[in-house]
Number of protein chains: 2
Amino acid sequence: MKQLDYFFNPKSVAIIGASHKPEKLGYVIFTNFLGNISERKVYPVNPDTTPILGQKVYRSILQIPDGIDLAVIIIPAKVVPKVLKDCVSKGVKAVIIVSGGFSETGEEGKKLEIKLKHIIEGTNVRVMGPNCLGVYDPYTKVDTLFLSRERLGRPPIGNIGYISQSGSIGSTILDCLAEEEIGISKFASYENGMDVNECDLIEYFADDKKTKVITIFLEGVKDGKRLIQVARKTSKKKPIVILKGGKSEAGMKAVTSHTGSLAGTAKIYSSVFKQTGLIEASNWEELFDFTKAFSTQPIPNGNRIAIVTDGGGFGVLATDECENHGLKTPEPSEKLKKLLRKSIPTYGSLNNPIDLTGDVTTERYKIVLESCLKSNEYDGVIAITLFQVPTLELNITDVLINLKRFNKPIVCCSVGGEFTKKLSRILEKNGIPVYLTPRRAARAMASLVEYGNFLRK
Amino acid sequence: MKQLDYFFNPKSVAIIGASHKPEKLGYVIFTNFLGNISERKVYPVNPDTTPILGQKVYRSILQIPDGIDLAVIIIPAKVVPKVLKDCVSKGVKAVIIVSGGFSETGEEGKKLEIKLKHIIEGTNVRVMGPNCLGVYDPYTKVDTLFLSRERLGRPPIGNIGYISQSGSIGSTILDCLAEEEIGISKFASYENGMDVNECDLIEYFADDKKTKVITIFLEGVKDGKRLIQVARKTSKKKPIVILKGGKSEAGMKAVTSHTGSLAGTAKIYSSVFKQTGLIEASNWEELFDFTKAFSTQPIPNGNRIAIVTDGGGFGVLATDECENHGLKTPEPSEKLKKLLRKSIPTYGSLNNPIDLTGDVTTERYKIVLESCLKSNEYDGVIAITLFQVPTLELNITDVLINLKRFNKPIVCCSVGGEFTKKLSRILEKNGIPVYLTPRRAARAMASLVEYGNFLRK
């Protein structure tokens with residue numbers, strides 16, 4: 001068993017700072033574990049030993065009769081050192097320090113964090129945090145997020161390994177994945193990273209069989225050399241999508257106030273990411289969008305993309321975005337055009353974008369998409385499916401899902417309200433990523449192409 | 001009464017090509033009018049005079065006993081010239097040609113469109129289209145969209161005047177506005193623009209009292225000089241948000257296949273837009289986002305923005321985006337800091353971004369946001385409200401809505417799933433725009449600042 005396994009699959013957990021009050025973080029975290037009490041033992045710790053929800057409360061971790069794999073700490077900063085010492089004495093394997101008030105707050109806090117470091121030096125204890133959200137694992141149901149399930153959705157099981165240096169960036173992406181019913185393998189938010197950091201987690205996720213794509217939100221790095229080594233090695237095995245926060249000058253200052261890291265300059269980061277095969281997202285949305293694409297789509301063999309649309313204006317915008325992001329949109333060959341014309345009326349355009357027009361039927365999409373994917377002229381397809389047109393039958397979703405057999409990437413762009421979202425959800429649940437704008441669809445496709453290029457080098 | 005009024009508020013309408021089959025465009029358009037039959041007369045026209053939904057059908061517009069203000073034509077391209085002649089004979093005031101198959105399809109179609117032009121030359125008839133979606137007016141309930149209400153939502157009454165050269169860009173924005181319950185004044189989608197074009201519509205919306213902001217999706221322009229004149233004049237009165245499609249080389253070609261326009265080069269357009277005070281969106285999302293901001297927010301007096309957040313990582317990203325888009329994020333003065341510290345714990349940062357941290361309460365938001373807006377240190381506020389934190393009370397929406405009294409722009413960034421969207425909807429209904437990412441919030445704020453700068457010049 002690896003040391004980091006204790007974070008994601010502990011047999012016993014102590015919640016130090018488990019609270020009696022529902023609005024407190026320590027209450028939410030404790031209750032997260034109550035649903036799975038048959039799978040692992042959970043021990044609330046609090047000086048006030050009044051039972052919480054009928055569970056016996058311990059005054060200190062040292063008083064718990066059993067061994068503890070994972071301790072979660074949610075208490076004021078100044079008492080954390082003492083409690084961490086107790087954890088060491090107890091022989092705890094892994095500790096998540098949720099409490100804030102350390103290096104992110106200035107000199108005093110920095111000193112306090114160094115104190116914590118000294119406490120675990122020379123021991124086997126691994127610490128995540130402080131100032132962090134901790135972990136969520138849908139397979140083992142370990143969940144140290146202090147955000148209740150009513151307010152923050154939890155994604156189902158899947159293949160995305162998600163590492164975040166920010167609780168808010170981390171949790172909101174989880175929430176949106178949950179809404180679209182896209183699954184993850186593991187989530188870890190390590191913030192100040194006094195011990196466990198992005199490198200440890202990348203290495204761990206690299207070997208994790210459930211993880212197909214690694215997604216990272218990074219603010220600053222403490223050991224750049226190691227990151228480069230780890231990234232280079234891992235990105236040959238699995239795609240790593242990364243968003244770097246604090247790239248502007250003002251943003252760099254903000255990073256220091258947030259996680260006490262040094263942000264470094266934007267250019268250096270971007271060039272390192274490129275060299276090591278990391279796929280850089282330039283904002284929150286792209287981090288989300290690229291992750292979705294890698295989670296579900298095969299890596300394309302080239303950059304020749306067919307845009308198939310039932311809305312001419314969207315075809316135009318998608319073409320702009322493809323060109324802006326290094327994708328080619330060649331016209332179909334005469335031979336392929338002849339084939340397509342059989343199912344496209346004369347007022348529909350056969351150039352690329354292929355415009356099926358506003359009276360499109362499912363059959364028309366089927367023939368055109370299959371012909372493009374079957375041909376050797378395209379490496380992938382952007383299907384702009386505006387579901388609002390009256391002639392389009394609802395089995396369009398089946399047709400799209402069935403295209404996966406061609407083993408080329410397919411991304412959809414479907415824009416609209418309630419009706420559109422209902423159909424989009426069906427696609428996403430079945431492994432076809434849907435994007436709300438042509439730009440996002442094109443960028444997602446470009447990220448797949450970028451990784452393909454890296455692998456072929 | 002202006003000539004264009006007949007498009008948006010006709011007393012009588014003929015639907016030429018009204019169909020008996022529910023999946024046909026001519027059926028959907030006809031039924032759109034049935035709900036308001038008490039307000040205006042509606043006459044279906046079709047060679048097959050079997051009644052449609054109990055309504056008497058006329059063989060030709062010439063056989064309708066009453067005068068007709070608006071004719072909507074949904075029939076094959078080749079018979080449109082004959083029917084348009086009939087419309088002229090009948091003395092129809094306005095015609096919307098939904099049918100495609102004209103200049104967007106090549107030389108043959110171009111000739112057919114020129115034929116249409118000759119037919120209306122020297123008459124008072126105004127034509128929208130061909131190849132277009134036509135109009136939607138929530139005040140008069142005129143609705144020529146061939147997209148059914150089950151598949152495409154219709155926005156409520158409001159103050160956005162929306163002009164589109166693309167039915168798909170036009171309709172999807174309507175759908176998304178409807179979902180967020182954001183209202184519009186009028187919508188017109190003119191596509192090929194053989195007669196009524198963007199200039200006519202801008203002029204018309206400029207004088208329309210219900211319209212506060214004009215939003216345009218443009219592919220190509222036939223009379224650049226006039227557009228510059230009209231835009232310059234109008235943008236002094238009302239903000240105009242514009243998205244230009246077909247800016248890349250491949251995109252320009254796609255425009256020709258779509259609406260038969262010439263796209264022109266990206267640089268020329270962008271510099272003209274800047275000079276004339278148009279606010280340029282660089283993609284679909286920004287068109288939507290900027291419109292929301294202008295529809296609800298006052299124009300700021302400068303570019304000093306306070307970022308107030310309960311998620312540190314989002315504060316960092318928002319700071320990056322502000323800097324990237326010309327917004328300043330100065331630190332609060334010592335005096336203001338002192339005031340703020342009273343309600344922010346020591347582990348929260350007082351620099352800008354002001355980090356209220358993950359145990360924020362509504363009261364903390366209230367004091368900080370009010371202090372920033374009251375001070376003379378900030379021209380607007382980006383409130384990053386991640387609703388997932390357990391300590392935040394639900395009356396946070398009331399607090400935010402009440403901030404409108406300070407008459408400075410406020411945009412929110414709230415990211416998440418179901419719970420977050422529920423609260424966001426309340427804010428949007430009450431005039432606080434909510435964005436799903438820090439980038440979008442910062443860009444929306446920057447668009448308001450850009451227009452303020454233009455007005456002050």
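To find a chain, count down the sequence lines: A is the first, B the second, and so on, and within it residues start at 1. Just so it is clear, the model here is predicted, and its values are computed rather than measured.
- For A:Q388 against B:D175, the heavy-atom pair with the smallest separation is NE2-OD2, 2.8 Å.
- B:L386 approaches A:S168 most closely through the heavy-atom pair CD1-CB, 3.3 Å.
- For B:K337, the NZ atom sits in a packed shell: over 12 heavy atoms of surrounding residues, nucleotides or ligands are nearer than 6.0 Å.
- Proximity to chain B (any heavy atom under 4.5 Å) is shown, for A:Y27, by neither the backbone nor the side chain.
- In terms of heavy-atom pairs under 4.5 Å with chain B, the best-connected choice from A:G416, A:S166, A:G100, A:S148 is A:G416.
- Only the side chain of A:T437 comes within contact range of chain B, with at least one heavy atom under 4.5 Å from a heavy atom of that chain.
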Practice item. Given side-chain contact (heavy atoms from CB on, under 4.5 Å), test B:F217 with A:L317 step by step and report yes or no. Key: CA-CA 11 Å; B:F217 174 74; A:L317 293 182; 3.8 Å; yes
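- A:D320 places a side-chain N or O within donor-acceptor distance of the main-chain N or O of B:G246, the cut-off being under 3.5 Å.
- Once rounded to the nearest 0.5 Å, the distance linking CD of B:E104 with OG1 of A:T357 reads 9.5 Å.
- Residue contact with chain A, scored on non-hydrogen atoms closer than 4.5 Å, is absent for B:T309.
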Practice item. Would you please test A:D359 and B:F146 for side-chain contact (heavy atoms from CB on, under 4.5 Å) and show each step? Key: CA-CA 10 Å; A:D359 63 355; B:F146 61 71; over 6 Å; no
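- For chain B, the nearby part of A:F387 is the backbone; its heavy atoms alone come within less than 4.5 Å.
- Comparing B:E393, B:R440, B:K328, B:E418 by how many heavy-atom pairs each has under 4.5 Å with chain A, the most go to B:R440.
- With a 4.5 Å cut-off on non-hydrogen atoms, A:E286 does not touch chain B at all.
- Heavy-atom distances place the side chain of B:T105, and not its backbone, under 4.5 Å from chain A.
- Interface remark: B:L392 contributes backbone and side-chain atoms alike to the contact with chain A (heavy atom separation under 4.5 Å).
- The choice from A:E180, A:E321, A:K24, A:K421 that makes the most heavy-atom pairs within less than 4.5 Å of chain B is A:K421.
- Between B:L436 and A:W284 there is no side-chain heavy-atom pair separated by less than 4.5 Å.
- Contact of B:E323 with chain A is made through the side chain alone, with heavy-atom distances under 4.5 Å.
- Using a 4.5 Å cut-off between heavy atoms, A:S349 contacts chain B through its side chain alone, with no backbone atom that close.
- In this structure, A:E150 and B:F419 approach most closely via the heavy-atom pair O-CB, 3.4 Å.
- B:V415 and A:C176 make their closest contact through CG1-SG, 4.2 Å (heavy atoms, listed as atom of the first residue, atom of the second, distance).
- Interface check for chain B: of the options A:G311, A:G312, A:G348, the most heavy-atom pairs under 4.5 Å are formed by A:G312.
- Heavy-atom pairs under 4.5 Å with chain B peak, among A:Y347, A:F314, A:F102, at A:F314.
- Interface remark: B:L152 contributes backbone and side-chain atoms alike to the contact with chain A (heavy atom separation under 4.5 Å).
- For chain B, the nearby part of A:T346 is the backbone; its heavy atoms alone come within less than 4.5 Å.
- Note: A:E285 leads A:E108, A:E285, A:E23 in heavy-atom pairs under 4.5 Å with chain B.
- Taking both residues in full, the closest heavy atoms of B:P390 and A:V28 are given as CB-CG2, 4.1 Å, listed atom of the first, atom of the second, then distance.
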